[in-house]
Number of protein chains: 2
Amino acid sequence: MADVDVVVVGAGLAGLSAARELVAAGKSVRVLEARDRVAGRNHGGFLSNGVPVELGGQWVGPTQDVVLALIEELGLETFPTYDTGDSITFLDGRAIRYSDVTFGLPPETLAEVGALWEKIETLAATIPPSAPWQAENAAELDRQTLDAWLAANTSDTVALRFFRHLVPALFSAESPELSLLHFLGYVRSGTNFATLLSTTGGAQERRVVGGAHRISERLAEDLGDRVRLGEVVRTIKQDADGVTVLYEDAAAGAAGSVTADRVVVAIPATLAGRIRYLPPLPASRDGLTQQIPAGSVIKVQVGYPTPFWREDGLNGFVLSVDDAFNLVLDNSPPDGSCGVLVGFLEGAHARAAAELSADQRRELIVTTLVKYFGPRAAEPFDILEQDWMAEEFTRGCYGGRLGAGVWTQYGKALSTPAGRIHWAGAETAQEWSGYMDGAIRSGRRAATEILDAR
Amino acid sequence: MADVDVVVVGAGLAGLSAARELVAAGKSVRVLEARDRVAGRNHGGFLSNGVPVELGGQWVGPTQDVVLALIEELGLETFPTYDTGDSITFLDGRAIRYSDVTFGLPPETLAEVGALWEKIETLAATIPPSAPWQAENAAELDRQTLDAWLAANTSDTVALRFFRHLVPALFSAESPELSLLHFLGYVRSGTNFATLLSTTGGAQERRVVGGAHRISERLAEDLGDRVRLGEVVRTIKQDADGVTVLYEDAAAGAAGSVTADRVVVAIPATLAGRIRYLPPLPASRDGLTQQIPAGSVIKVQVGYPTPFWREDGLNGFVLSVDDAFNLVLDNSPPDGSCGVLVGFLEGAHARAAAELSADQRRELIVTTLVKYFGPRAAEPFDILEQDWMAEEFTRGCYGGRLGAGVWTQYGKALSTPAGRIHWAGAETAQEWSGYMDGAIRSGRRAATEILDAR
């Protein structure tokens with residue numbers, strides 16, 4: 001007799017969602033989590049004044065029906081991201097305020113950006129979310145990097161630079177690092193490009209009161225002692241009778257094992273590739289995990305006594321083509337009792353900033369915020385950084401990306417079970433791939449695979 | 001007191017070369033090898049008539065001074081690859097015999113191929129082998145895939161298809177899967193493009209009597225019981241006092257550990273990334289191992305009673321733009337006592353062929369050889385396949401490749417030590433990166449780092 005019906009590896013939203021479905025169907029489940037906390041790429045922190053901030057994924061929005069319903073089901077609440085007033089774009093040394101959907105771009109650039117944008121929406125709509133590698137022209141779309149496609153589709157150097165800056169905002173990676181097919185499939189899975197990039201009406205529309213990690217915490221509460229923290233899974237054996245999952249504690253000391261009928265591996269694919277599988281996995285799956293690297297991002301929360309930028313008629317949103325700390329939003333608590341700006345160092349900027357000392361990074365951040373919002377930005381009461389690249393059990397955010405040629409050669413292995421091993425995680429989702437909504441969907445899909453298999 | 005001065009992980013040419021240097025300098029060394037054999041990506045097999053054939057890397061040639069000297073030092077011998085007679089190119093349904101350096105291409109295609117070739121040689125000569133990311137225009141060269149560069153530099157569709165077929169012959173990967181900078185750096189490290197692609201006068205000029213794996217076997221004999229087989233390294237801990245290397249047997253059963261002052265990790269980077277490091281490695285190194293996938297190749301040895309193609313004035317070399325089993329050479333023993341053809345399924349062809357049954361693959365191979373060499377090719381007495389993708393402790397050949405953007409963002413981490421951990425392996429070599437010669441150089445370089453550090 002196996003110890004449990006199903007072992008779930010990873011207590012992020014995907015793993016916890018799989019476990020919840022399986023338990024609801026009467027299965028016995030053990031969730032093994034390497035960290036001393038649940039929630040994976042969601043993580044909560046507190047500024048020194050006690051205000052909670054999100055150190056990882058944080059926004060939800062329209063068409064993310066699954067996560068929105070789950071939030072409600074768990075008795076949590078959302079509130080709108082502050083979005084009143086002007087945004088600012090920094091471009092070639094100029095600060096451009098705007099209050100529409102133009103990003104403040106000069107008319108000639110705007111026309112070119114609009115044309116590219118339209119091409120992206122049109123192409124993305126042709127990608128089947130369930131199988132991007134089966135898109136019409138998949139081979140041609142996958143052969144190109146996003147960067148090459150952008151360069152081939154505009155001769156406007158400003159429009160090109162603008163798009164090259166948008167890419168890290170979505171992927172924490174640079175445009176040469178992903179295939180056009182990956183980009184289009186991602187856009188398609190998140191409804192469309194406009195939805196991905198919008199606050200109101202889009203993927204950054206709402207936040208969870210107390211932080212998005214509370215979704216995972218509530219799920220884990222319901223699962224009780226089925227969830228075991230600090231257990232690092234190292235080996236998964238399977239045979240005709242079932243699976244044996246071998247783990248060790250975080251210090252690589254005490255070891256343990258649990259047997260089950262099936263296992264759901266609900267961690268990023270690049271980390272899933274570090275587990276040893278006996279017998280070894282098919283080459284198609286192993287090859288995929290060799291080349292689905294995570295993005296590079298340092299997320300920064302900066303606390304001020306008040307959201308002073310609001311007094312200047314600003315909504316806190318800044319996109320700068322000129323700066324390393326190039327994307328900022330208002331992340332103040334719902335009551336506005338203090339001011340919080342959240343900003344990102346992404347892609348090449350993140351890798352460069354990770355080489356700086358903490359003091360140097362702080363200076364970079366504060367100096368940039370003073371440039372964006374004036375001298376009142378010079379005196380934050382707290383700065384909280386989260387470098388996701390340095391996290392042993394994440395090793396990069398926002399998620400895994402596929403470079404040129406990978407989707408068409410290896411894409412099928414992303415979610416195809418390997419015998420008794422099922423794969424979950426935000427990247428394996430067909431809808432809202434890479435987002436919290438997709439993570440939940442992926443866990444439920446893995447649970448369904450197991451329930452259907454018996 | 002540590003158990004030994006240095007632990008070496010991996011008993012391929014790199015690891016064994018590091019161990020040899022360290023032992024010669026008076027250090028105590030332990031080599032931990034996961035397999036039940038040494039030699040890594042070299043591996044020897046025998047056809048059913050007892051003739052030895054090379055299932056992995058096999059050729060050496062001019063400017064590979066280090067491996068050639070080592071072969072001599074170890075008392076081994078080389079012999080020339082059979083290269084007398086005509087080669088054949090298959091292109092658009094035609095078989096073209098030739099005996100020069102033209103690949104039999106029609107004049108107009110040849111002129112275009114020559115022009116591209118010249119551009120490659122010129123660009124490659126500008127890459128500093130010690131640091132490709134410091135090349136002039138490194139950012140531009142790394143931003144492009146090799147495929148995009150090829151397409152942008154010729155409008156001749158035949159020349160383009162020809163080059164796209166040459167790429168898997170060198171990398172077991174398709175042209176979109178590597179950055180132009182990676183390609184150029186690889187060419188530079190192997191002297192030049194002509195050298196890489198040539199038999200006589202180039203990288204395929206000579207073979208080792210008995211097989212290239214004998215180099216590793218001789219090295220291992222000299223190291224004696226310092227080399228331990230069947231020990232799979234899973235965790236490396238380091239602190240101010242030294243390192244502890246934790247391993248388990250191949251069945252993930254019995255565990256052991258060894259302490260040392262330093263460790264050389266001499267396995268492909270993608271596998272090195274599967275070891276757990278405590279404390280965790282810097283993000284720059286971890287990010288590299290997330291995206292240096294191995295190529296896809298199935299190597300096939302086909303034995304015949306005689307090298308009958310020689311009677312037809314053929315040297316056995318075939319390059320086909322039309323076929324999956326698209327690269328074949330004469331691999332008969334030095335005395336010609338039987339005929340052996342060695343051929344390759346590479347890149348996308350390898351991935352597709354791996355999905356076939358053994359019988360289907362055999363039929364594909366034999367049918368193709370009959371097309372190339374006539375009906376006498378229909379009756380091989382033996383076929384030996386080696387699918388390097390399926391090998392748990394290699395997971396692809398010929399080596400790790402870097403896609404667009406990776407060299408400039410992560411290249412430095414390829415060989416920069418992480419504290420007491422030093423990196424070796426053919427891919428880390430400055431000269432003959434990816435070749436046996438480079439593997440030996442890389443092991444010696446790691447040994448020198450350690451000797452210099454003390």
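Proteins come first, then strands; the chains are lettered A, B, ... in the order of their sequence lines, and each starts at number 1.
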Select one option (side chain, backbone, both, neither) describing which atoms of A/A251 are under 4.5 Å from chain B's heavy atoms.
backbone

For residues B/R234 and A/T235, is any side-chain donor paired with an opposing acceptor at under 3.5 Å?
yes

Pairwise side-chain contact, A/Y410 with B/P293, heavy-atom cut-off 4.5 Å (strictly under)
no

Contact part of A/A348 toward chain B, heavy-atom cut-off under 4.5 Å: side chain, backbone, both or neither?
both

Mind running side-chain contact (heavy atoms from CB on, under 4.5 Å) on B/E392 and A/L278 for me, showing each step along the way?
CA-CA 10 Å; B/E392 182 186 6; A/L278 291 171; 4.3 Å; yes

Which answer fits B/R285, side chain, backbone, both or neither, if we ask what part of it has an atom under 4.5 Å from a heavy atom of chain A?
neither

Which value, rounded to the nearest 0.5 Å, describes the distance between A/M389 atom CE and B/S284 atom OG?
9.5 Å

Sort A/D147 into side chain, backbone, both or neither according to what part of it lies under 4.5 angstrom from a heavy atom of chain B.
side chain

Let me know if B/S175 has heavy atoms under 4.5 Å from chain A in its side chain, its backbone, both or neither.
side chain

Given a strict heavy-atom distance threshold of 4.5 Å, which part of A/P279 is in contact with chain B: side chain, backbone, both, or neither?
neither

Check for a donor-acceptor pair, side chain of B/E177 on one end and backbone N or O of A/V406 on the other, with a separation under 3.5 Å.
no

Within the supplied structure, the quantity of interest is the number of heavy atoms (other residues, nucleotides, ligands) at a distance under 6.0 Å from B/K412 NZ; does it exceed 12?
no

Quick one: of A/G273, A/A404, A/S179, A/A354, who has the most non-hydrogen atom pairs under 4.5 Å with chain B?
A/A404

Against chain B, label A/R351 side chain, backbone, both or neither, depending on which of its atoms sit under 4.5 Å from a heavy atom there.
side chain

Less than 4.5 Å to any heavy atom of chain B: does that hold for the side chain of A/V232, its backbone, both, or neither?
side chain

Return yes if some donor-acceptor pair links the side-chain N/O of A/Q290 with the main-chain N/O of B/R395 below 3.5 Å, else return no.
yes

So which part of B/I292 gets closer than 4.5 Å to some heavy atom of chain A, the side chain, the backbone, both or neither?
backbone

What residue in A/K237, A/E355, A/Q144 has the most heavy-atom pairs under 4.5 Å with chain B?
A/K237

Lys/Arg-Asp/Glu bridge criterion (N-O < 4.0 Å) met for A/R276, B/E248
yes

What residue in A/G405, A/A252, A/A390 has the most heavy-atom pairs under 4.5 Å with chain B?
A/A252

Counting only heavy atoms closer than 4.5 Å, note whether A/E174 contacts chain B via side chain, backbone, both or neither.
neither

Do A/P280 and B/E391 come within less than 4.5 Å of each other through their side chains, counting heavy atoms only?
no

I'd like to verify something: which residue of A/G347, A/G287, A/A283, A/G400 has the highest number of heavy-atom pairs under 4.5 Å with chain B?
A/A283

